[in-house]
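Below is one structure, written out as structure tokens; comments come after it.
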Amino acid sequence: MTTVLTSAPAVVRTVRELRERLRDYRAKAGADATVGLVPTMGFLHEGHASLIRRSAAENGLTVLSIFVNPLQFGPNEDFERYPRDEARDLAIAADAGAQLVFMPEVRDMYPTPPSTKIIVGGITERLCGASRPGHFDGVGVVVTKLFNLVQPGRAYFGLKDAQQVAVVSTIVADLNQPVEIVPCPIVREADGLAMSSRNVYLKPEEREQALILSRTLRQVPAWVREGATPESLKANMTASIAGMPLAEIDYAEVLTYPDLQPPAEGEALRHVPVPLLAAVAVKFGQTRLIDNVLLNPNEVN
Ligand code: PAF
């Protein structure tokens with residue numbers, strides 16, 4: 001058996017301390033300095049750990065940010081009850097190889113309510129952008145602030161939030177932010193449930209029924225191969241999920257990726273020459289879960 005020795009990351013809670021630590025690192029590392037950023041809202045799981053490990057493998061310094069960003073929650077959403085566990089997060093961060101953890105208070109990130117807005121048009125009109133008005137505006141502001149503070153060469157995001165990856169990539173391209181966005185694969189529990197900090201809210205029966213999301217998405221490549229059109233694929237996904245009595249479907253969609261446009265009606269999806277995103281958002285009780293599969297049409301034919 002090998003023993004893995006992990007050292008505790010430095011924890012900074014203010015913008016000033018963060019900047020000092022980064023300045024020290026860059027002064028020591030000189031031209032070899034490479035900084036990776038993993039932005040999170042904490043309550044870390046294996047999905048986050050995989051992002052941290054990837055960053056640690058590719059950069060001299062990995063900065064993990066943990067900040068439950070009030071700007072991206074709607075008035076009736078779960079900002080207040082969003083799960084938090086600092087000690088557990090720091091243990092996971094250390095084990096995965098983060099060297100610096102930035103955990104600011106709201107008053108540090110937003111000393112005054114920000115007047116500046118980052119609104120990405122087009123790709124936010126569907127999926128979670130439509131269901132959660134203002135959500136991506138809040139993500140845009142916090143991610144841009146984190147990029148400005150940390151100035152990472154690379155930033156790591158999970159593809160469970162595929163629309164978020166598309167939105168952040170658009171902001172980076174539109175504003176010439178000097179950071180490479182690294183999309184990373186969805187990490188699942190052994191039974192297929194996509195890992196999410198919100199899974200902790202699920203009651204046992206809800207969690208059992210939530211497995212229908214990954215089961216449904218696993219069938220998507222076969223449906224596409226068999227000739228599904230956008231309409232029939234959405235109907236198949238909806239019927240499959242609706243078989244679970246506790247499932248309250250927000251959306252079951254198929255769009256081109258990353259521009260998030262509806263494919264032509266009536267056209268067999270296997271002939272669409274660009275990647276497709278089949279995405280679902282479903283509530284089980286009080287818990288809204290999202291999941292998706294990205295399809296490369298060449299791979300399904
Ligand atoms: O994906 C998340 O956890 C959040 O949206 C992010 C990117 C950390 C911004 O608050």
Side-chain angles (χ1 to χ4, degrees), residues 38-54 68 72 77-78 82-83 85 88-89 92 96 126-129 131-132 135-136 139 156-168 181-224 233-234 236-238 240-244 246-255 257-258 260 275-296 299:
V38 180
T40 78
M41 299 204 300
F43 210 70
L44 303 182
H45 50 67
E46 182 50 32
H48 298 114
S50 73
L51 306 181
I52 298 169
R53 278 197 298 271
R54 171 107 185 244
V68 185
Q72 68 188 74
E77 295 186 348
D78 55 345
Y82 197 83
D85 188 337
R88 187 173 154 277
D89 282 354
I92 293 173
R126 299 187 169 85
L127 308 179
C128 293
S131 308
R132 304 182 64 190
H135 168 69
F136 287 117
V139 171
Y156 297 79
F157 291 85
L159 275 165
K160 185 168 75 65
D161 297 291
Q163 188 175 23
Q164 173 168 272
V165 172
V167 168
V168 173
I181 301 304
V182 185
C184 299
I186 298 176
V187 178
R188 298 182 179 280
E189 304 284 356
D191 60 10
L193 186 68
M195 291 203 182
S196 162
S197 306
R198 290 186 167 102
N199 289 350
V200 72
Y201 299 147
L202 294 166
K203 300 193 176 115
E205 202 186 355
E206 294 165 350
R207 198 198 173 291
E208 184 56 38
Q209 295 199 16
L211 296 179
I212 194 60
L213 303 190
S214 55
R215 280 195 205 125
T216 301
L217 291 166
R218 264 204 305 273
Q219 294 187 71
V220 166
W223 284 329
V224 171
L233 183 70
K234 282 187 265 182
N236 284 353
M237 292 197 293
T238 304
S240 167
I241 295 168
M244 289 297 162
L246 298 178
E248 197 187 312
I249 300 176
D250 175 356
Y251 61 72
E253 268 288 355
V254 59
L255 298 170
Y257 193 81
L260 299 179
L276 292 168
L277 177 76
V280 296
V282 180
K283 266 182 103 173
F284 292 88
Q286 295 300 303
T287 310
R288 182 176 178 280
L289 300 179
I290 57 172
D291 199 353
N292 70 72
V293 61
L294 260 173
L295 295 182
N296 190 334
E299 286 163 19

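Below, all heavy atoms of this structure are taken into account, side chains as well, without hydrogens, waters or symmetry copies. What you are looking at is a predicted structure, and each value in this text was computed from that prediction instead of being measured.
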*So which of L255, I186, L213, V280 actually passes side-chain contact (heavy atoms from CB on, under 4.5 Å) with N292?*
I186
*Rounded to the nearest 0.5 Å, what's the gap from CG on L127 to CD on E253? Could you check?*
6.0 Å
*ring-ring contact (aromatic ring centres under 6.0 Å, His included) involving F284 - partner list, sequence neighbours excluded*: none
_R54 to P183 - nearest heavy-atom pair and separation_ = NH1-O, 4.2 Å
*If you look at every heavy atom in A252 and T238, which pair is closest and at what distance?*
CB-OG1, 3.7 Å
*Find the distance between CG (L277) and CD (Q163) and round it off to the nearest 0.5 Å.*
8.5 Å
*Rounded to the nearest 0.5 Å, how far does CG of L202 lie from CG of L289?*
5.0 Å
*Would a 4.5 Å heavy-atom cut-off, applied to side chains only, mark L193 and R207 as touching?*
yes
*Closest approach of G47 and S50, non-hydrogen atoms and distance?*
O-OG, 2.6 Å
_V182 side chain reached by C184 side chain, heavy atoms, under 4.5 Å_ = yes
*What heavy-atom pair brings A49 and A96 nearest, and what distance separates the two atoms?*
O-CB, 3.8 Å
*Taking atom OG of S240 and atom CZ of R215, what is their separation to the nearest 0.5 Å?*
9.0 Å
*E205, CD atom: more than 12 neighbouring heavy atoms under 6.0 Å*: no
*Decide, yes or no, whether a salt bridge links D291 with R188 under the criterion of side-chain N to carboxylate O below 4.0 Å.*
yes
*asked:* So, taking the atom named CD1 in I241 and the one named CD1 in I249, what distance separates them when rounded to the nearest 0.5 Å?
replied: 5.0 Å
*Spell out, as yes or no, whether a donor-acceptor pair under 3.5 Å connects the side chain of Q72 to the backbone of H135.*
no
_How close do A278 and L217 get, counting heavy atoms only, and between which atoms?_
O-CD2, 3.6 Å
*asked:* Can a donor-acceptor pair be found, under 3.5 Å and without considering hydrogens, that links the side chain of R88 to the backbone of L44?
replied: yes
*Look up atom OG in S197 and atom OH in Y82, then write down how far apart they are to the nearest 0.5 Å.*
3.5 Å
*Between D78 and Y201, is any pair of side-chain heavy atoms under 4.5 Å apart?*
yes
_Main chain of G42, side chain of D85: is a donor-acceptor contact present, judged purely on distance under 3.5 Å?_
no
*Is V165 close to Y257 at the side-chain level, that is, under 4.5 Å between some pair of heavy atoms?*
yes
*Over-ring placement of R126 relative to Y251, 6.0 Å and 45° cut-offs*: no
*Considering only heavy atoms from C-beta outward, does the side chain of L51 approach that of F157 to under 4.5 Å?*
no
*Between I290 and A281, which heavy-atom pair has the shortest distance, and what is it?*
CG2-CB, 3.8 Å
_Checking the side chain of Q219 only, and the main-chain atoms of T216 only, is there a donor and an acceptor separated by less than 3.5 Å?_
no
*Residues two or more places apart in sequence or in another chain: which of them pass side-chain contact (heavy atoms from CB on, under 4.5 Å) with K283?*
E248, R288
_More than 12 heavy atoms from other groups under 6.0 Å of CD on E46_ = yes
*asked:* What I'd like to find out is whether the side chain of L233 reaches to under 4.5 Å of the side chain of V220, using heavy atoms alone.
replied: yes
*Would you say the side-chain atoms of D161 pair up with the backbone N or O of Q164, donor to acceptor, closer than 3.5 Å?*
no
